[in-house]
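Working notes for the structure below.
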There are 2 protein chains.
Amino acid sequence: MTSVYQTHDHHHCISEALQEARTLCQRSGARLTHLREKVLELVWQSHRPIGAYDILAELAKQEERVAQPPTVYRALDFLMEQGLIHRLSSLNAFIGCPHPGKKHNGCFLICQNCRVTQEIEHQAINQSIASCATDQGFKITDAAIELTGLCSNCQEAQE
Amino acid sequence: MTSVYQTHDHHHCISEALQEARTLCQRSGARLTHLREKVLELVWQSHRPIGAYDILAELAKQEERVAQPPTVYRALDFLMEQGLIHRLSSLNAFIGCPHPGKKHNGCFLICQNCRVTQEIEHQAINQSIASCATDQGFKITDAAIELTGLCSNCQEAQE
DNA sequence: CGCGCTTTAGTTATAATATAACATCTTTGA
DNA sequence: TCAAAGATGTTATATTATAACTAAAGCGCG
Ligand SMILES: [Zn+2]
Ligand SMILES: [Zn+2]
Ligand SMILES: [Zn+2]
Ligand SMILES: [Zn+2]
């Protein structure tokens with residue numbers, strides 16, 4: 001089995017993500033400013049989660065003005081509010097959402113070797129979690145499901 | 001519906017957790033030193049996750065010597081290795097494991113109002129996650145499932 | 001346009017969480 | 001009793017995140 005992201009045109013991922021972000025923001029009246037779009041682009045520079053300070057470092061390379069942490073965190077907060085990116089709390093890092101625009105609880109498969117991270121929508125997981133919450137009389141507002149391990153690629157490589 | 005932890009003898013929880021820790025460590029040859037046991041006791045002071053620096057502050061109150069961060073983090077690392085506590089990455093905090101001694105992927109229900117956190121073993125969740133991983137050819141080594149929301153108690157209180 | 005209001009970004013400082021590196025003490029077992 | 005391993009102490013610093021205030025940009029309205 002090979003990874004979904006082993007061979008693909010990643011420029012396509014980026015441009016699609018940016019285009020969809022523009023569309024969604026226009027629709028909702030949110031202002032996708034230059035800075036915010038730039039940060040989104042940097043988050044999408046790979047399928048690996050990226051830390052706020054890594055984004056800051058990239059911004060320093062690519063932009064005129066040298067940004068400070070609050071600038072980056074505010075852009076990230078905006079992008080999270082718009083559902084364009086997710087924060088992975090087990091890594092203190094951020095990753096682009098491949099299907100923004102609809103509410104969802106992603107389940108993340110994080111490879112500890114290559115760090116490539118895949119967001120999955122899995123019905124059975126969502127259902128079992130919902131029923132677990134119901135059993136306990138618990139009302140979920142946010143679900144963080146972060147699975148760390150080895151992706152299929154990296155398993156093969158280790159054989 | 002009322003919370004599991006609404007009315008109970010919490011001294012019993014603490015002493016049971018400490019006793020079980022002693023037994024498990026003796027069995028495995030791990031050294032549950034005074035410091036480590038003290039930190040475990042502090043983690044168990046409630047059913048709410050506690051941060052490393054809160055533990056540090058408690059230690060400062062209760063012990064002769066004033067400990068430094070590495071001291072606390074090392075004790076926490078030990079307790080995690082022994083499976084006696086879990087770290088909740090969405091809170092940067094730690095909580096005692098109610099059923100240590102056997103490998104398990106806990107699922108945590110974290111109340112955002114009262115902060116009481118319950119660890120659940122849920123077969124359907126474990127199964128759906130295992131099948132999700134299988135589908136993707138992903139080999140899980142660690143699963144963090146942290147569900148934030150309102151416990152039954154706090155829902156009642158808000159009505 | 002020109003003025004005020006709101007939103008966004010810049011700036012400075014600091015909080016909160018976590019670890020590196022090395023020194024010292026304690027336990028253990030030969 | 002002594003050497004090795006393990007645990008803790010100590011100092012410094014890395015990493016992640018936010019508070020608080022200032023300045024600039026965008027927007028609506030007369
Ligand atoms: Zn791609
Ligand atoms: Zn998503
Ligand atoms: Zn209790
Ligand atoms: Zn547990």
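Heavy-atom basis, side chains included; hydrogens, waters and symmetry copies ignored. In what follows, every chain begins at residue 1, and chains take the letters A, B, ... in the order their sequences are listed.
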Query raised in the report: Tell me, which pairs form a salt bridge (charged side-chain N to carboxylate O under 4.0 Å, His left out) where one or both residues lie in residues 40-58 of chain A, sequence neighbours left out?
Result: A:K38-A:E41, A:E58-A:K61

Report summary line: Of all heavy-atom pairs linking A:A17 and A:L40, the shortest is O-CD2, 4.4 Å

Query - Contacts of A:R22 that satisfy side chain to side chain contact (heavy atoms under 4.5 Å, CB included) - sequence neighbours left out - result: A:L18, A:Q19, A:L32, A:E37

Query - Protein-to-nucleotide contact annotation, 5' to 3' order, nucleotides 23-30 of chain C [B base; S sugar-phosphate only; - none; under 4.0 Å, heavy atom] - result: ----S---

Query raised in the report: Roughly how many Å is it from CZ in A:R65 to P in C:dT8, rounded to a whole number?
Result: 18 Å

Query - Remaining members of hydrophobic cluster (4.5 Å side-chain criterion), A:I95 - result: A:L88, A:L91, A:F108, A:I110

Query raised in the report: Apart from B:L150 itself, what residues make up its hydrophobic cluster when side-chain heavy atoms of I, L, V, M, F, W and Y under 4.5 Å apart count as a link, directly or indirectly?
Result: none

Report task. For B:S89 and B:R87, indicate whether the former's side chain and the latter's backbone hold a donor-acceptor pair under 3.5 Å. Result -> no

Return a table of donor-acceptor pairs under 3.5 angstrom between the side chains of residues 99-106 of chain A and protein atoms on other chains or two or more places apart.
unit_1: A:H104; atom_1: ND1; unit_2: A:K102; atom_2: O; d: 2.7
unit_1: A:H104; atom_1: NE2; unit_2: A:H86; atom_2: NE2; d: 3.2
unit_1: A:H104; atom_1: NE2; unit_2: A:E119; atom_2: OE2; d: 2.9

Query raised in the report: How many Å lie between CD on A:E63 and P on C:dT8, as a whole number?
Result: 18 Å

Query raised in the report: Taking CG from B:L79 and P from D:dA7, how many angstroms apart are they, rounded to a whole number?
Result: 12 Å

Report task. Go through the structure and list residues passing side chain to side chain donor-acceptor pair (under 3.5 Å) with A:S46, not counting sequence neighbours. Result -> none

Requested in this report: Mind calculating the distance between CD (B:Q68) and P (C:dA20) to the nearest angstrom?
Outcome: 17 Å

Query - DNA chain D contacts made by residues 32-46 of chain B, counting heavy atoms under 4.0 Å - result: B:T33, B:L35, B:R36

Query raised in the report: Over how many whole Å does the gap from B:I55 atom CD1 to C:dA16 atom C1' extend?
Result: 14 Å

Requested in this report: Would you give a per-nucleotide map of nucleotides 12-18 of chain D, 5' to 3', where B means the base has a protein non-hydrogen atom under 4.0 Å away, S means only the sugar-phosphate does, and - means neither?
Outcome: ----BBB

Query - Pair of N/O donor and acceptor under 3.5 Å linking C:dG10 base with A:R74 side chain - result: yes

Report task. Sequence neighbours left out, what passes side chain to side chain donor-acceptor pair (under 3.5 Å) with A:K139? Give chain and number order. Result -> none

Requested in this report: Figure out the CD/C1' separation between B:Q82 and D:dG6, and round it to whole Å.
Outcome: 13 Å

For residues 77-84 of chain B, run the donor-acceptor check on the side chains, cut-off 3.5 Å, and write out each pair with its distance to 0.1 Å, sequence neighbours left out.
none

Query raised in the report: Considering residues at least two apart in sequence or located in another chain, which fulfil the ring pair (Phe, Tyr, Trp, His ring centres under 6.0 Å) criterion with A:H47?
Result: A:Y5, A:H8, A:H10, A:W44

